[in-house]
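Structure first, commentary second.
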Amino acid sequence: MTDIAKPVRVRFAPSPTGKLHIGGARTAIYNWAYARATGGTFVLRIEDTDPERSTDENTQIILRALSWLGLDWDEGPEVGGEYGPYFQMQRMDTYAAALERLKERDAAYPCFCTKEELDAKRAKAEKEEGGYAGYDRTCRCLSHEEAQARIDAGEPHVWRIKVPLDRGAIEFDDAVYGHVSFPSDVMDDMILVRTDGSPTYNFAVVCDDANMAITHVIRGDDHLSNTPRQILIYEALGYETPTFGHLSMILGADGKKLSKRHGATNVEEYRDRGYLADALVNFLALLGWSLDGETTIISRDVLTSQFGLDRITKKDAIFDETKLNWMNGVYIREMDAPTWVEASKKWIADACVQGANVEDGVVVVPTPEQGADPLPPAITPEDEGYAEAFAAALADIEEDPSFYEKLYPLVIERLARLDDIPAKLAFLFWGPNVQLDEKSVSKVLLKEGARADEALRACRNELAREDLPWEAEALQEACRALCEPMEMKPKFMFQPLRVAICGNQVSPPLFESIELMEPEDVLARIDGVLETVFKA
RNA sequence: GGCUCCGUCGUCUAGCGGUUUAGGACGCCGCCCUCUCAAGGCGGAGGUCGAGGGUUCGAAUCCCUUCGGAGCUACCA
């Protein structure tokens, strides 16, 4: 059943009719991981035979997405290989040759039935006979002479496979589903070559997989029903069939097939929303496959050495973003400071730009009831001037990342996604201004009996001391020392300070944040709050 | 309609006839830690294994039926 001797050759064959979908990404990961785990070859082939929907742009997007995921292919676009070309449109001669081979073997025949005739027959059968059983083989009965004469006369025709009449049930052992059997009487003489001479999907796939010596066809479950058809084509061609392995579908949260309705469905969107490739690969690998049922964090090394077809589930899986968010956080926390800055620079730059544009002094921000974004951006990518400011900030980060590495301990344990960064760090760049979250003002600063103004004044005095080292621990000790004499719990001392400086009752560690800011800015913010909120 | 496949906590899964009072992870709840939020530690709730029949001393695990879901049924891929 399994060829131990034959080196594994697997392929991922997307059609560039769209971007790289989450489901496609998982298929690619499984093929890639299987190739790596077995020491085999991972082939990438672009199935661009649908001229209506295929675009070069989509091809580029798919290649870029695969590269971003870190799924390197051994043969395919950009890297070449001895079984090329790897674009179906460039393999037309091979399909023509395959058709010749079929003719020689008397395994295919021309069909002159028009699309209209077929549609009519199908409609009639569905209405009157309770179901269409497939093409009725009208043209299969034509003599060779008559068929040839009509071809010579220029009559339009397609080429159909001549399914052996005595072919029994079509059975195969799927690497995932196990033994599968299809009755042969439901297999009609499907079209292999269209009127315009182009190959149909099933024909092209078989030709390519055979010609590229693919040993294991690992693909989506939506092809399970195509497999018996393709087996028939392999047999007609006289080629050995590969091992098939079908992957269950990935569904949206509502249990329906994943689509745009469910939000992000292509991998570039995940990259742009601050997900890490390692996390996405890990998560997707586990959507339908398990290492041992216990392990959830699986490194690439483990994946590419331990992955196997035997632990793939048959059950459809629902794509649950909350678990991906957790896993992404795990991977973010594994990064060291320089790596984090490098991976996060575009979001850090965004935080800088947003922060730098708060210039109105103390502002009380109206908070939506849900308390959504605590810090609405003062400037968005759509606004004028954003692009220039962003580019400048990015250049600054790249030129000297050392300052930005200091932001790392502030947020590294608080990020589920990299795009959470602007909301968490923009306040550091507000200069002397502070944008106050209304809810925080009412719950902390104006809370009954909180003595927030007292706390602010006391802390301000401490922070203004010339002899105080501007360093987190010293700052904290100075403010903490105020608690006892004032008979105030640290929480009541620090929370008002946090709101006054960070604008929100939730923020990164307070004194570590203050340390990174200019002393005069910090004092200015406190003064601003005292004046505005407490009308002092 | 026909053909094929699937069905274990809300979600991802382990389980392959007895070691299972069905294990782990996410999420949720509580406690601890604590300057907030996280992170971390500890604990908890949550599954009559889609349902109904068998087989067996014993079934989530084997058989049958049934219900639900998905895919295919194109000169799309």
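Every chain is numbered from 1 and lettered A, B, ... according to where its sequence line falls, protein lines coming before strand lines.
Contact between the side-chain N/O atoms of R229(A) and the OP1/OP2 oxygens of rC72(B) is not found at any separation under 4.0 Å. Using a 4.0 Å cut-off, some side-chain N or O of T313(A) falls inside it from OP1 or OP2 of rU13(B). Side-chain nitrogen and oxygen atoms of R480(A) include at least one within less than 4.0 Å of the OP1 or OP2 phosphate oxygen of rC35(B). One finds no side-chain N or O of K314(A) lying less than 4.0 angstrom from the OP1 or OP2 phosphate oxygen of rG7(B). Phosphate proximity of rC26(B) to T296(A): absent, as no side-chain N or O sits under 4.0 Å from OP1 or OP2. An OP1 or OP2 oxygen of rG15(B) is reached within less than 4.0 angstrom by a side-chain nitrogen or oxygen of R311(A). Applying the 4.0 Å criterion to OP1 and OP2 of rU36(B), one finds that R414(A) has every side-chain N and O outside that range.
Distance noted for atom P between rG2(B) and rA45(B): 47 Å (whole Å).
Paired with D189(A) under the rule salt bridge (charged side-chain N to carboxylate O under 4.0 Å, His left out), one option of R160(A), R137(A), K162(A) passes, and it is R137(A).
Within 4.0 Å of H246(A), counting heavy atoms only, lies no atom of the nucleic acid at all. Note on E47(A): only backbone sugar-phosphate atoms sit closer than 4.0 angstrom, heavy atoms only; bases stay farther off. As judged by a 4.0 angstrom heavy-atom cut-off over every strand, E52(A) is placed among residues making no nucleic acid contact. Contacts of S198(A) with the nucleic acid, taken as non-hydrogen atoms under 4.0 Å apart, are absent. Among the protein residues, G288(A) comes within range of the sugar-phosphate backbone only, with heavy atoms under 4.0 Å from sugar or phosphate atoms but none that close to a base. If you check every strand for non-hydrogen atoms under 4.0 Å, Q88(A) touches nothing.
Rounded to whole Å, the distance from CD1 on I191(A) to P on rC75(B) is 4 Å. Taking atom CG on L410(A) and atom P on rU36(B), their separation rounds to 16 Å, with Å as the unit.
Salt-bridge check for D292(A) with R311(A): failed, with every basic side-chain N at 4.0 Å or more from each acidic carboxylate O. A salt bridge links D419(A) with R417(A): the closest approach of a Lys/Arg side-chain nitrogen to an acidic carboxylate oxygen falls below 4.0 angstrom. A salt bridge is defined here as a Lys NZ or Arg NE, NH1 or NH2 lying under 4.0 Å from an Asp or Glu carboxylate O, and E321(A) with K323(A) fails to meet this definition.
Side-chain N/O atoms of K491(A) and base N/O atoms of rC35(B) include no donor-acceptor pair closer than 3.5 Å. Below the 3.5 angstrom threshold, one finds no donor paired with an acceptor across the side chain of K115(A) and the base of rA74(B). For rC3(B), the base has no donor-acceptor partner in the side chain of S225(A) [N/O atoms by modelled type, under 3.5 angstrom].
No side-chain donor from either of H21(A) and N266(A) sits under 3.5 Å from a side-chain acceptor of the other.
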